[in-house]
Protein chains: 2
Amino acid sequence: MKSKNLQISPAMEDYLETIYLLVGERKVARVKDIAAARGVKPGSVSPAMKKLAAMGLIRYEQREFIDLTPEGEEVARRTLARHELLRRFFHDVLNVSQKNARSDACAMEHYLSDEGVDRLTKFFEFIQRCPRGSKTEFLDRLHHCPLVNPGQPDCDHDCPEVAAMSRTPAVRRSLSDLQPGESGTVAQVDAAGQVRRRLIDRGLIPQTTVEVVRNLPRGSVRILVNGQETSLTTQEATHVVLAP
Amino acid sequence: MKSKNLQISPAMEDYLETIYLLVGERKVARVKDIAAARGVKPGSVSPAMKKLAAMGLIRYEQREFIDLTPEGEEVARRTLARHELLRRFFHDVLNVSQKNARSDACAMEHYLSDEGVDRLTKFFEFIQRCPRGSKTEFLDRLHHCPLVNPGQPDCDHDCPEVAAMSRTPAVRRSLSDLQPGESGTVAQVDAAGQVRRRLIDRGLIPQTTVEVVRNLPRGSVRILVNGQETSLTTQEATHVVLAP
DNA sequence: ATAATCTATTAAGCTCATCTAACAACGTTA
DNA sequence: TAACGTTGTTAGATGAGCTTAATAGATTAT
Ligand SMILES: [Mn+2]
Ligand SMILES: [Mn+2]
Ligand SMILES: [Mn+2]
Ligand SMILES: [Mn+2]
């Protein structure tokens, strides 16, 4: 029984993932449960099940319990592996809340290439094994570095940058220090909330090159980011820390 | 002129992003160019432009050059910022090929939450500033660590794990060493190509807990991953390195 | 100026994923 | 067994996004 449609859509992957989890949790998957888990109405589930059955991915007799075929299980597991990989990256590495980590991951899992899976896995292998024995050493630094998270006591990881910071008050150069014609590389967006969002949304993320085109009246600067011009208030510009 | 539809779909975001880039590159955006850039037919673009114009995001008179309104530019820039953030993460950090990094990023940009953007930016700030002065020190380790990339000469970063590795032949414990009932934590999937993919697709990614349920005849093991059982050949199991 | 060539718009039609609302099957309780 | 409540199926409709093919407008060459 060949599948008629070789491409599996995001929605179909999610149905398979959901069935897989339901069968794992409570032995059986029913239309009602699938609908609840996916946040859709039962009326949407029945036709979807018909389709998945036609593709040979589930075993489905009307009104009976739903079960994955080996091929469906394959897809479900692959999808879930991507889901977990991304969720862990967001939650465990980036410290995104569980809720957002989960929903971002479940949306993006359908678009992560095989190469992406491979390399993201390598990343976990690295932070698990390389950094000096303790498996959380790298994450510790990431989550507690006072350079990035102001208010953190100290990273106690003999980091010369931090030491330098506590010696000299602040040798930081910001975007507001640049003269028209000069350019620099963003090192950090030293702001929170709305200001931070606005700066990031304008493309001012670390490692981006930014050039000051000219100063505008009324305390604004015209800048060039990603080959495109925008304006910023000088106030905002002081929050963009540049690499030395 | 209020937007009738407050939610902007992935496709619409991509149209805005495309227009933004075209205007930046060659001053004007025409239907034909937009179609080519997005890989759709011109017949799809015209109605889309009509819609975006109705939403107040572009300036569009039939048969004339297309331009973003300030609101459209806002959306375009935000989308592009996410695109670049993700692309850089995949390419510069994970070493995914430009092609895949770009396409993965452009698909996922529409689903990354604000919190995700914020934290991913923090990640870049961290690797830019914390690790010992050189901005590429962390990436160097990641990309050259011989623990993860066999064949690499040596990471020369006084890493005790590597030193231990070169002293003692191999103290590694793999999934195939576990007895039924025992469990461990995945540290690395020490395989390439098909085998690696198959193991990852079964959920065996670093930091996952795995339990051996029982040994099967004919050199297979039944294992429990993510609350679900699967089988592996003993051969495959030897490639799953466990944390000590 | 006319024809040839590009380019853009439109209409019709497709697929996918969803909804609502009517209906059918089933199991339970009275 | 009859009624009821729960669960599942179906049909009809919607909307997004795309294609193709016909048509229309604009530009360029002859
Ligand atoms: Mn999903
Ligand atoms: Mn998922
Ligand atoms: Mn995109
Ligand atoms: Mn994009």
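Only this structure's heavy atoms are used, side chains among them; waters, hydrogens and symmetry mates stay out. Letters A, B, ... are given to chains in the order of the sequence lines, protein chains preceding strands, and every chain is numbered from 1.
Applying the ring pair (Phe, Tyr, Trp, His ring centres under 6.0 Å) criterion to B:Tyr60, with sequence neighbours excluded, gives no partner residue. Residues passing the side chain to side chain donor-acceptor pair (under 3.5 Å) test with A:Arg88, sequence neighbours excluded: B:Thr208. The side-chain contact (heavy atoms from CB on, under 4.5 Å) test applied to B:Thr233 returns B:Gln235, B:Glu236, not counting sequence neighbours. Under the ring pair (Phe, Tyr, Trp, His ring centres under 6.0 Å) criterion, B:Tyr20 pairs with no residue at all, not counting sequence neighbours. B:Ser44 meets the side chain to side chain donor-acceptor pair (under 3.5 Å) test with no other residue; sequence neighbours excluded. By the side chain to side chain donor-acceptor pair (under 3.5 Å) test, B:Arg119 pairs with no residue at all, sequence neighbours left out. Applying the side chain to side chain donor-acceptor pair (under 3.5 Å) rule to B:Arg222 yields the partners B:Glu229, B:Ser231; only residues at least two apart in sequence or on another chain are considered.
In the helix from C:dA1-D:dT30 to C:dA30-D:dT1, the terminal helix axes, each the rotation mapping four pairs' C1' atoms onto the next four within five end pairs, subtend 10°, rounded to 10°.
Put simply, B:Lys50 has a side-chain N or O that comes within less than 4.0 Å of OP1 or OP2 on C:dT10. In this model, the phosphate group of D:dT19 is approached by a side-chain N or O of B:Ser44 to a distance below 4.0 Å at OP1 or OP2. In this model, the phosphate group of D:dG8 is not approached by any side-chain N or O of A:Tyr60 to a distance below 4.0 Å at OP1 or OP2. For A:Gln62 and D:dT10, the shortest distance from a side-chain N or O to OP1 or OP2 is below 4.0 Å. Taking 4.0 angstrom as the limit, A:Ser9 places a side-chain polar atom (N or O) nearer than this to OP1 or OP2 of C:dA17.
Sorted by first and then second residue, the pairs that involve residues 99-110 of chain A and meet side-chain hydrogen bond (donor to acceptor under 3.5 Å, both in side chains), not counting sequence neighbours, are A:Glu13-A:His110, A:Asp14-A:His110, A:His83-A:Glu109, A:Asn100-B:Glu115, A:Asp104-B:Ser113.
Per the geometry, NE2 belonging to B:His110 stands 11 Å off P belonging to D:dG17, to the nearest Å. Between the NZ atom of B:Lys32 and the P atom of D:dA26 there is a distance of 18 Å, given to the nearest Å. Rounded to whole angstrom, the span from the NZ atom of B:Lys51 across to the P atom of D:dG17 amounts to 4 Å. The CG-P distance, from A:Leu52 to C:dC16, rounds to 12 Å in whole Å. Atom CE of A:Met12 and atom P of C:dC16 are 9 Å apart (whole Å).
For the side chain to side chain contact (heavy atoms under 4.5 Å, CB included) with B:Thr121, the qualifying choice from A:Arg197, A:Gln188, A:Arg196 is A:Arg196, the only one to do so.
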Identify the pairs formed between an N or O of the protein and an N or O of nucleotides 21-28 of chain C at a distance under 3.5 Å, and give each distance.
from   : atom 1 : to      : atom 2 : distance (Å)
C:dA24 : N3     : A:Arg63 : NH2    : 3.3

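In plain terms, the two heavy atoms of A:Pro42 and A:Ala35 that are nearest each other are N-CB, 3.8 Å. Across every non-hydrogen atom of B:Ala243 and B:Ala187, the tightest pair is N-CB, 3.6 Å.
Contacts between residues 33-42 of chain A and DNA chain C, counted as heavy-atom distances below 4.0 Å, involve A:Arg38, A:Val40, A:Lys41. Near DNA chain D, defined here as any heavy-atom distance below 4.0 Å, there are no residues from residues 13-28 of chain A.
A salt bridge links B:Asp114 with B:Arg82: the closest approach of a Lys/Arg side-chain nitrogen to an acidic carboxylate oxygen falls below 4.0 angstrom.
Counting any heavy atom pair closer than 4.0 Å across all strands shown, A:Met49 reaches no nucleic acid atom.
Checking side-chain atoms of B:Glu182 against main-chain N and O of B:Val212 turns up no donor-acceptor pair under 3.5 Å.
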Verify side chain to side chain donor-acceptor pair (under 3.5 Å) between A:Gln207 and B:Gln128, making sure each step is shown before the conclusion. CA-CA 8 Å; A:Gln207 284 162 47; B:Gln128 171 94 12; 3.3 Å; yes
